[in-house]
Number of protein chains: 2
Amino acid sequence: MTRRSSSVTIRDVARHAAVSVATVSRYLNQNAPVSQEVSERIQQVMLDLSYKPLAVARNLATRRTQTIGLVLHNMHTDFFAPLLRGIEAVVSEYQYNLLVATYKHTSRPENLSPLGPQNTDGILVYADSFNEEQLIDLCRVKFPVVLIHRTSPAHLKIPFVTVENRTATRKIITHLIETHGRRSIAFLRGPFEQEDSRLREQGYRDALDAHGLIVKPALIIDGEFDQFVAYRNVKKLLSGEGQRFDAVFTGDDEAAIGALRAIQEAGLRVPEDVAVVGFDDSRLSPFLNPPLTTVCAPTEDVGRTAARLLFNLLQEQPAEMATLLPTDIIIRRSCGCPASAAMN
Amino acid sequence: MTRRSSSVTIRDVARHAAVSVATVSRYLNQNAPVSQEVSERIQQVMLDLSYKPLAVARNLATRRTQTIGLVLHNMHTDFFAPLLRGIEAVVSEYQYNLLVATYKHTSRPENLSPLGPQNTDGILVYADSFNEEQLIDLCRVKFPVVLIHRTSPAHLKIPFVTVENRTATRKIITHLIETHGRRSIAFLRGPFEQEDSRLREQGYRDALDAHGLIVKPALIIDGEFDQFVAYRNVKKLLSGEGQRFDAVFTGDDEAAIGALRAIQEAGLRVPEDVAVVGFDDSRLSPFLNPPLTTVCAPTEDVGRTAARLLFNLLQEQPAEMATLLPTDIIIRRSCGCPASAAMN
DNA sequence: TGCTTTAATGTAACCGGTTACACAGCCCCT
DNA sequence: AGGGGCTGTGTAACCGGTTACATTAAAGCA
C-alpha cells in the first residue's frame, strides 16, 4: 500500500536548530534539562517544519506502544457500546490508544490473535474471545491482561471484572416466585461458552431449589442472548403441548425482545399470563412493551473498572484479582408489578 | 510503565536456524524464494522459540502501521455502535487494526490529535471531530482520510460518505403535511456544528415552503440530538402559550425519546394531538410508544462504505469523492399512520 | 583556591525488523 | 563453451526515535 513520503525526522529538527538529536529528544520528552534558549529554538524549528514524532519509532525504541487492546468476539449486540464507552473514557484519560478487534478463538490454524504483545502494552479480553491456551501463552510472557465477564482460569492469576450473575438471577427468579406466585418458570440459556450463561442458569436453579420447585428440563431452552433465536424457541415451546409456563427468564434483554414477541403473538398477555424478566438493563429494556423487569448490569462501569485495572498492571501497581460488580434488580412492568414502580 | 522483558528476535531465530536474518524475514513475508529445507528449519525454530515478530519494528521498517483510525467526538449515543460494527467488519477483512479515539477539536492548546500519520495509515473522521484546519494539515501531507457524516471542505478533495439528510427530511415532513394534515410543525435542531443538523433544517424549510407554510422561528428549538435536552425544550415549548404545534420533527431518534416523554407528560396524545417523527431508525425507535416513524439511515453501511473507501485510498485505487447513501422513511405509528403499517 | 556537583549537551549504540545489493550455483540456450 | 537468467542466500544499511556514557562549563562548598 501507500508509502508515505518521508517526512521530517528528529535529525532534521536537530540540524536546523543546530543541536544534537539527543537534545531534541530530551526537549520532546522533558526528561532531562534543556536550556531555555535551546528549548525555544527547538520549538520554533518544530513548528516551522511542522515536525511530528513518529509514534512507531518511539515505540520501538522504548518498547512501549502506548496502546491497549480490546478483544470482543463480535459486535452484534448493543451490549458492547456502554462497555466500550467506559473503556474509552479511561484510556483517553491515560492518554493511551485503544485498539479494538473482534476475534473468536475458534479458527484453529494459526491462532494468530490480532492483539497481543506485538502491538499493545496490555489487553482486555471479553468473555470467551480467547481460549485458555491463549491466555496461558500471554501469562507465560507476563503480558498484562484483564478479563471481562469471565473469571480467571484457576491456575492463572489474571485479574477479571464481571458482574454478579448468580445471586442476581436467583433474586429476580425469587421475585417471580414469591411476589408473583409463578411456579413454572422457563429459562432461556445463553451461549454455553459464556460463563455468564452458566452462572445465570445456576442462579435459576438455586431459586427453584430454594422454593422446592423442581427444575423441568423441558423449560430450559436455548436463547443464545439473541432476539431471533429466542423468538423461535419460545414459539416452539409455546406450541408444544404440556409445556405450560407462567414466567420466563430470558437470559438477557436481547433475548427478551424475541420472547416477548413470541408470547404476545401467541395471544398471551405479559405479564398476566406469562411474566417476563431479562438481564442487563440494556438501553431498550424500559421501552419494551411492557417495560422489562430486568437485572441492571453496570456495563459501562465494568469497562471503566477493567481499564483501570489494566493500567494498574501496566504501572506495576497492585491490582485486585477479582472484581464482581453488584447488580440490582430493576422492577418494571413485565414481571407483574404495577406500572407505578419506576419508569426509568 | 512496564518494560517488557526482551523477547525473542529475528536474529535469535536466524542463529538457531543457521541462516541470515534476511532469509528469516523472507520466509516470514513470503516475498522471495526460500528453499523447502530452510523453510522447514526456520518454521521449526520459530515454533520452538515461540517467536512473534514485533509489529512495531516491522512498522518502522516498512513505514506502514497496518492500522486505520476512527475519530469520534464522543460515544454517548448508540449511534456509533452500528457505525463501528460496519467499520470493524471491513477492517478485519483487510487484516488491519482499528484504533478508536474520541476527540473534539475544541481544546485549542496543541491540537495534538490522537490519530494521524504518526500512528495510522489513514483515518476515518466522524462529523466535526476534526476542524477544517486539521483536515488541511492532513491533506498537505497527503494523508488518507475519509469523512463520515460530513462533506469535504470545497477546496480539499476528501472523500466522504454521509446519508441523504435534506430530501429525506423534506419527505418525512411532507408526509406529516400531506397525509396527516399537520400545519404547525416544530423542529428540534441538532448541534449546529454538525452538518446533519443543518441539512435537516433545510429539508424542513423546503417542505414548509413547498406547501406555503410559513416557518415560525418559535417552533425551531434546540434538541441537540439529546434525549434530555429535547425533553426540557419541548416541555418549555409546551408550557409557553401561543406556541401550539401539531407535529414535531425531533432531529434524531435520540431526541425523540425526550420529545415523546415531554408531550405525553403534558397530557397530549401521540399521534392524535401531536405527531412525532425522528431520524436514524435507531435500535430503539420501533420500541418507543408509539413506535416511531422515522428516517432509516443505513449507519452500518455508512461505516462499511467509509472503511472500503479508505482502503481504496491506501491502495491508491480510485475512490469516489462523494457518497450519499439513500435514506428511506419508515412509517410506524407516531406520525398518525395506522398501526398496521409495518411493525419492524 | 581546589574539588565536587550539577546543568547542558554531544556521540553513537540500540530497538527489531526490512530490503538493496552482491554473489554463488545451476539450468538452458545458441 | 560461454553468457543470460533464475534460485537461494548473506551482508549491512536503514527506518526514526531513545538513552547510556562521555564531556564541558558553571556553580557550590570547605
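Quick caveat, the model's predicted, so the values are computed rather than measured. Note on naming: letters A, B, ... go to the chains in the order of the sequence lines (proteins, then strands), and numbering restarts at 1 for each one.
Note: NZ (Lys52(A)) to C1' (dG17(D)) measures 17 Å, nearest angstrom. Distance, Glu40(B) CD to dG8(D) P: 13 Å, rounded to whole Å. Rounded to whole Å, the distance from CD on Gln66(A) to P on dT18(D) is 11 Å. For Asn59(B) and dC14(D), the CG to C1' distance is 16 Å, given to the nearest whole Å. Atom CD1 of Ile42(A) and atom P of dG17(D) are 13 Å apart (whole Å). In this structure, the CZ atom of Arg15(B) is 16 Å from the C1' atom of dG10(D), given to the nearest Å. The distance from atom CD of Gln30(B) to atom C1' of dT7(D) is 16 Å, rounded to the nearest whole Å. Between the CG atom of Leu49(B) and the P atom of dG17(C) there is a distance of 12 Å, rounded to whole Å.
Within 4.0 Å of Asn29(B), counting heavy atoms only, lie sugar-phosphate atoms of the nucleic acid but no base atom. Within the nucleic acid shown, Tyr27(A) has no heavy atom closer than 4.0 Å to any nucleic acid atom. Residue contacts for Val38(A): at a heavy-atom cut-off of 4.0 Å it reaches the sugar-phosphate backbone alone, with no base atom in range. As judged by a 4.0 angstrom heavy-atom cut-off over every strand, Ser35(A) is placed among residues touching the sugar-phosphate backbone only. Using a 4.0 Å heavy-atom criterion, one finds that Leu60(A) contacts the bases of the nucleic acid, with or without backbone contacts as well. Among the protein residues, Val21(A) comes within range of the nucleic acid bases, having at least one heavy atom under 4.0 Å from a base atom.
Counting all heavy atoms, side chain and backbone alike, Gln134(A) lies closest to Ser129(A) at OE1-O, 4.2 Å.
Counting atom types as modelled, Arg58(B) pairs no side-chain N or O with a base atom of dG16(C) as donor and acceptor under 3.5 Å. Checked by distance alone, Arg26(B) brings no side-chain donor or acceptor within 3.5 Å of a matching partner on the base of dG8(D).
Phosphate contact (OP1/OP2 of dT18(D), side-chain N/O of Asn31(A), threshold under 4.0 Å): absent. For dC15(D), neither phosphate oxygen OP1 nor OP2 lies less than 4.0 angstrom from any side-chain nitrogen or oxygen of Arg63(B). OP1 or OP2 of dC15(D) has not a single side-chain nitrogen or oxygen of Thr62(B) nearer than 4.0 Å. Between Ser20(B) and dG10(D) there is a side-chain N or O to OP1 or OP2 distance below 4.0 Å. Note on Thr23(B): a side-chain N or O is less than 4.0 Å away from OP1 or OP2 of dG10(D).
Judged by distance alone, the side chain of Ser152(A) and the main-chain N or O of Ile158(A) form a donor-acceptor pair under 3.5 Å.
Across the interface with DNA chain C, nearest-nucleotide mapping of Arg11(A) and Ser39(A) shows Ser39(A) to be the residue nearer the 5′ end. Remark on DNA chain D: of its neighbouring residues Ala57(B) and Val19(B), the 5'-side contact belongs to Val19(B), judged by nearest-heavy-atom nucleotide. If you find the closest nucleotide of DNA chain C to Pro33(A) and to Ile10(B), the one lying nearer the 5' end belongs to Pro33(A).
A salt bridge does not link Arg150(A) to Glu195(A): none of the charged nitrogens lies less than 4.0 Å from a carboxylate oxygen. For Glu93(B) and Arg304(B), the salt-bridge test fails: no basic side-chain N is under 4.0 Å from an acidic carboxylate O. The residues Lys104(B) and Asp128(B) are annotated as salt-bridged, a charged nitrogen and a carboxylate oxygen being separated by less than 4.0 angstrom.
With distances taken from any side-chain atom of Leu54(A) to the nucleotides dG17(C), dT19(C), dG16(D), the minimum falls on dG16(D).
The environment of Glu37(A) atom CD is sparse: at most 12 non-hydrogen atoms of other residues, nucleotides or ligands sit within 6.0 angstrom.
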